[in-house]
Amino acid sequence: MSTIVSLPDQATAKLPHKSYLNEEYGLKSWLLTGDHKRIAILYLISITFFFVIGGVLAGLIRLELLTPPADLMSTDTYNKVFSMHGIIMIFLFLVPSVPATIGNFLIPLMVGARDLAFPKINLLSWYLYVIGGIFILSAMVLGGVDTGWTFTTPLSTHYLNTHVVTAAMGIFVAGFSSILTGLNFIVTIHRMRCPGMTWFRLPLFVWGHYATSIIMILGTPVLAITLVLVALERTINIGVFDPTKGGDPLLFQHLFWFYSHPAVYIMILPGMAVISEVISTFSRKRVFGYTAVAFSSVAIAVFGFLVWEHHMFIMGVSQYSALVFSLLTMLVAVPSAIKIFNWSMTLYQGSITFETPMLYAFGFIGLFTIGGLTGIFLATLGMDVHLTETYFIVAHFHFVMVGGMLMAYLAGVHFWWPKMTGRMYPEAISKLSAIVTFIGFIVTFFPQFLLGYLGMPRRYAAYPADFQVLNVFSTAGASILGIGYLMPMLYLPWSLIYGKIAGNNPWQATGLEWQIQSPPLTENYVEIPIMDHEAYDYEWLANKTVHEVQTVG
Amino acid sequence: MDSQSIAATHGELVGGVDPHSHPAFLRHHFETVAQQREAASFGMWVFLLTEVMFFGGMFCAYLIFRNWYHPAFVAGSNTLSITLGTTNTAVLICSSLTMAMAVYSAEMRRRGQLIAFLLLTIVLGLAFLGIKAVEYKEKFDLHHVPGPNFSIQEFVHPTNPKAIPLAPDMAEKTQIYFSLYFAMTGMHALHMIIGISLLFFLVAKAYQGAYTAGHIMPIENFGLYWHFVDIVWIFLFPLLYLISRYR
Amino acid sequence: MSEKNDPEHQEQHIVGPKVYLLVFLALMVLTATTTGVAFIDLGVFNPIIALAIACVKASLVVLFFMHIHYSSRLLKMTVLAGLFTFLLLITLTMTDYISRAWGMW
Ligand code: HEM
Ligand SMILES: [Cu+2]
């Protein structure tokens with residue numbers, strides 16, 4: 001049942017005198033901070049920077065594909081542009097997007113702790129991220145990489161004379177930043193929960209991040225060693241992946257996808273974590289089947305390690321093994337489906353309101369469902385032979401990564417913006433941006449399913465004239481999508497100064513983080529809270545007396 | 001101790017004589033020393049998990065190529081010096097013992113003993129690296145380092161009369177063996193070098209008495225790291241040095 | 001303050017020199033054994049024995065030098081998680097390598 005709560009304090013809300021934002025001033029106080037909230041903001045700014053670069057590159061790709069011949073740029077340049085787009089978007093935007101910003105900000109708040117377990121390591125992880133980013137940027141500035149984000153050997157080791165090693169080192173370093181983030185989360189979730197915060201009282205956001213962290217810790221090092229081997233192959237010719245010396249390029253694929261398939265779950269689980277919070281809050285109901293959703297996150301993390309070979313079906317792997325992996329891949333869709341069903345059941349008979357985060361969340365559910373279901377197509381062996389390396393794949397992973405994760409990221413940013421900054425963004429325009437994003441997305445990527453099915457291969461600058469109509473749709477959609485993303489980048493900073501004061505709990509949500517002032521104090525809680533109710537207990541919120549535990553500093 | 005009792009102890013701390021009676025090394029965001037200690041050791045173990053997978057990728061590659069090119073692996077392995085390899089294994093096990101004893105000394109709060117064991121660990125670690133360097137040098141001299149100077153001469157026409165000559169195409173595959181040999185032992189040596197550098201730092205801090213007043217976490221965690229590096233070698237030794245030695 | 005069967009927490013346990021010395025001796029003996037056995041032709045059992053001995057040695061180090069024997073269940077699970085994922089990597093990769101040539105002759 002849904003419970004309507006109306007808290008009186010929002011209209012008269014004032015910004016607190018003291019918060020983590022004004023505790024100290026100056027660049028140094030930010031760059032040397034140990035505060036997880038400030039580090040989250042640092043991450044927010046830096047990933048937005050890389051998102052813009054990746055977005056511009058995406059725009060260039062779509063412009064080139066507006067017309068059939070390779071006319072805007074040479075084919076070599078095109079290869080570099082899509083490679084850099086993929087590398088930047090995946091390793092510098094999607095992987096850290098929700099965990100390093102929203103997760104960093106919220107996990108200590110949600111478990112009732114003053115900070116992550118290792119604040120200095122948290123700061124270190126941001127610096128590693130920046131160093132990795134600089135490596136990748138310099139690879140781009142020095143002349144680019146044209147291997148695709150997948151670094152396929154022996155293409156990347158023997159046939160290309162671009163800055164593969166620099167880019168690989170960038171990913172290596174950025175990978176360690178993600179390992180350290182995961183490490184910090186796991187230890188925090190195990191060791192820093194406040195009294196009464198049992199595992200099954202944790203918000204589902206925390207469960208999602210726990211599962212993500214497992215993948216970060218166990219998967220990323222395999223990518224690291226693989227890239228080291230690629231770099232050694234390029235520099236001193238060690239030959240492990242070189243068929244002319246008896247090495248096996250498929251081994252590279254195994255090792256690469258051992259990380260990179262689980263990594264796609266790094267890129268979706270935190271999004272799912274956000275969606276659980278948003279859906280519950282705006283339907284005023286406890287998430288249906290809490291335990292199932294919690295365990296499905298962990299199940300996704302574990303099953304995610306069992307399916308990587310589906311990226312290699314046409315590469316000459318054993319057919320018998322491919323059969324096993326095809327089957328396992330279908331299995332991994334089950335926990336994802338469980339989540340979708342449970343969110344739908346949460347909506348059922350809820351008191352739904354359509355605030356901006358909720359609009360984004362709806363976008364997520366629809367688009368992720370399509371993305372996930374087309375994943376099943378690709379998991380089917382015979383179907384994959386037809387669809388692999390076509391635009392169908394491109395559409396599939398953009399539906400899950402952009403339609404899924406990016407929508408969820410924006411849902412999260414809009415949901416917790418009042419908590420992070422204490423200010424509200426303009427409601428009408430933000431709703432508009434959610435709708436524009438959704439429409440732009442569909443127009444951009446739906447035609448790509450058709451293109452792929454018709455046989456347009458991915459990663460080429462030119463294509464037969466027959467495909468032009470759908471490509472024009474896609475490019476047109478991309479420009480709508482671009483506007484959709486531009487809007488939050490304008491009105492969110494605007495709201496920092498002109499936005500309405502948000503108050504402690506503008507959405508009347510139940511999470512611990514909403515019961516304290518916004519923006520929070522540096523130490524989060526004056527006194528460590530004691531959790532005495534279940535997660536998403538709207539009754540509890542309704543009964544909560546007016547006097548807040550929190551004293552505003 | 002569960003979270004409830006963390007709160008209870010916290011209550012004691014605050015309700016007791018002096019709310020600021022906690023030791024200086026307790027960081028502000030932890031409630032109790034026990035919580036801090038457990039977080040640190042769990043964090044270290046999680047880090048070691050990533051290390052397992054880091055080396056895991058290379059072990060996986062090793063397994064595949066060893067099965068594919070078994071004769072080349074046998075031939076490559078037999079060129080390694082078993083004396084140096086075994087000695088190095090023993091040296092590393094000794095260093096693990098001294099490191100374990102260093103942790104014990106810190107627990108017993110014996111500063112001198114702690115420093116002595118840490119220094120011993122450094123010496124043993126350096127001895128290991130020294131022996132490794134000798135082995136590497138020999139490989140350079142024999143042109144057994146993968147790359148342009150690699151030579152299969154020794155495997156096609158062995159100078160050792162007991163060795164079985166390989167056909168040239170299989171002999172080429174010894175390069176894969178040596179690639180893995182250098183990648184794995186090199187990565188292991190890199191971990192040793194990092195470890196030894198950290199040890200110098202720990203000795204300096206131990207000298208100031210930092211770890212003999214109850215705060216032994218850095219020593220304990222470093223010990224975990226050191227033992228982990230030892231474990232990697234425990235596997236590298238039979239896998240690289242002991243393939244079909246009876247020939 | 002520690003409860004006996006709480007999986008996540010465990011009182012700190014000081015391991016003494018006696019245990020360390022015994023483990024050390026065992027490790028040394030096992031090293032000698034594994035080197036010695038390598039010179040005897042046992043066919044397929046050579047690598048099996050070598051790996052078995054290495055596993056025993058590694059377990060000794062983990063259990064006693066690294067105190068896992070005295071640690072909370074959480075840490076024990078952590079070690080097992082590493083082992084498990086490593087085995088996943090190996091076995092699932094091997095499904096490809098083992099069966100790649102099946103039906104190809
Ligand atoms: C829900 C179940 C999912 C299934 C069954 C599935 C299945 C697949 C399959 C079989 C492929 C390989 C296609 C080929 O190369 O021939 C693929 C590619 C891909 N998937 Fe998914 N997927 C799922 C979810 C996701 C999610 C959640 C993400 C990311 C957030 C994702 C991202 C990707 C990416 C990036 C690729 C292409 C990689 C490349 O070659 O560049 N997938 N998917
Ligand atoms: Cu996949």
Side-chain angles (χ1 to χ4, degrees), chain A residues 34 36 108 112-119 121 176 179-180 182-184 186-188 190-198 213 216-226 228-229 232-233 235-242 244-248 251 254-255 258-259 523-524 527-528 530-531, chain B residues 2-8 10-11 14 27-31 34-62 64-65 68-69 72 145-148 150 169-170 172-183 186-187:
Chain A
H36 65 103
R114 293 191 199 282
D115 206 325
L116 286 173
F118 310 113
I121 290 184
F176 273 92
I179 290 177
L180 295 181
L183 187 153
N184 232 331
I186 288 204
V187 176
T188 306
H190 269 285
R191 289 288 180 236
M192 311 280 287
R193 280 171 288 132
C194 68
M197 183 64 84
T198 57
S213 310
M216 286 174 162
I217 282 169
L218 293 172
T220 320
V222 179
L223 176 75
I225 190 66
T226 314
V228 168
L229 290 177
L232 289 180
E233 184 107 29
T235 46
I236 58 173
N237 289 315
I238 66 165
V240 179
F241 301 137
D242 179 2
T244 60
K245 286 193 179 139
D248 185 17
L251 178 62
H254 277 296
L255 295 177
F258 181 84
Y259 164 76
E523 63 268 38
N524 294 349
E527 215 161 288
I528 289 297
I530 295 180
M531 185 74 173
Chain B
D2 62 11
S3 341
Q4 238 85 28
S5 47
I6 292 183
H10 181 57
V14 176
R27 304 284 313 279
H28 72 279
H29 59 290
F30 289 110
E31 292 296 291
Q35 189 191 26
Q36 170 166 327
R37 200 196 72 228
E38 289 189 321
S41 85
F42 183 44
M44 191 64 202
W45 274 104
V46 173
F47 175 72
L48 293 184
L49 270 196
T50 74
E51 290 275 26
V52 169
M53 293 314 291
F54 187 77
F55 282 97
M58 286 188 291
F59 279 102
C60 183
Y62 171 89
I64 288 158
F65 292 123
W68 276 7
Y69 307 130
V145 181
F150 189 80
D169 65 334
M170 185 50 83
E172 282 292 345
K173 307 301 189 290
T174 52
Q175 189 161 196
I176 297 280
Y177 170 81
F178 283 109
S179 294
L180 286 169
Y181 169 80
F182 278 103
M187 213 42 98

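All heavy atoms count here, side chains included; hydrogens, waters and symmetry mates do not. Note that the coordinates shown come from a computational prediction; the quantities given were computed from them, not determined experimentally. Convention: sequence-line order gives letters A, B, ...; per-chain numbering from 1.
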Which region of [X], side chain (C-beta onward) or backbone (N, CA, C, O), has a non-hydrogen atom less than 4.5 Å from a non-hydrogen atom of chain A, or is it both or neither?
{"X": "B:Ala39", "result": "both"}
{"X": "B:Phe42", "result": "both"}
{"X": "B:Trp68", "result": "side chain"}

Report which part of [X] has an atom under 4.5 Å of a heavy atom belonging to chain B: side chain, backbone, both, or neither.
{"X": "A:Ile179", "result": "side chain"}
{"X": "A:Ile186", "result": "both"}
{"X": "A:Leu218", "result": "both"}
{"X": "A:Ala224", "result": "both"}
{"X": "A:Leu180", "result": "neither"}

> Between B:Phe182 and B:Phe178, how do the two ring planes meet: parallel, tilted or perpendicular, split at 30° and 60°?
Replying inline: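 Tilted: the ring planes of B:Phe182 and B:Phe178 meet at 30° to 60°.
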> Using 30° and 60° as the class limits, which term best fits the ring planes of B:Phe55 and B:Phe59: parallel, tilted or perpendicular?
Replying inline: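 Rings of B:Phe55 and B:Phe59: tilted, 30 to 60°.
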> In terms of heavy-atom pairs under 4.5 Å, which option from B:Pro146, B:Ala40, B:Gly43 contacts chain A the most?
Replying inline: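 Among B:Pro146, B:Ala40, B:Gly43, the one with the most close pairs to chain A is B:Gly43.
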> Between B:Gln36, B:Glu51, B:Gln175, B:Glu172, which shows the greatest number of heavy-atom pairs under 4.5 Å with chain A?
Replying inline: B:Gln175
>> Could you go through A:Asp248 and A:His254, starting from their C-alpha distance and side-chain angles, then the distance that decides it, and tell me whether this counts as side-chain hydrogen bond (donor to acceptor under 3.5 Å, both in side chains)?
In response: CA-CA 10 Å; A:Asp248 185 17; A:His254 277 296; over 6 Å; no
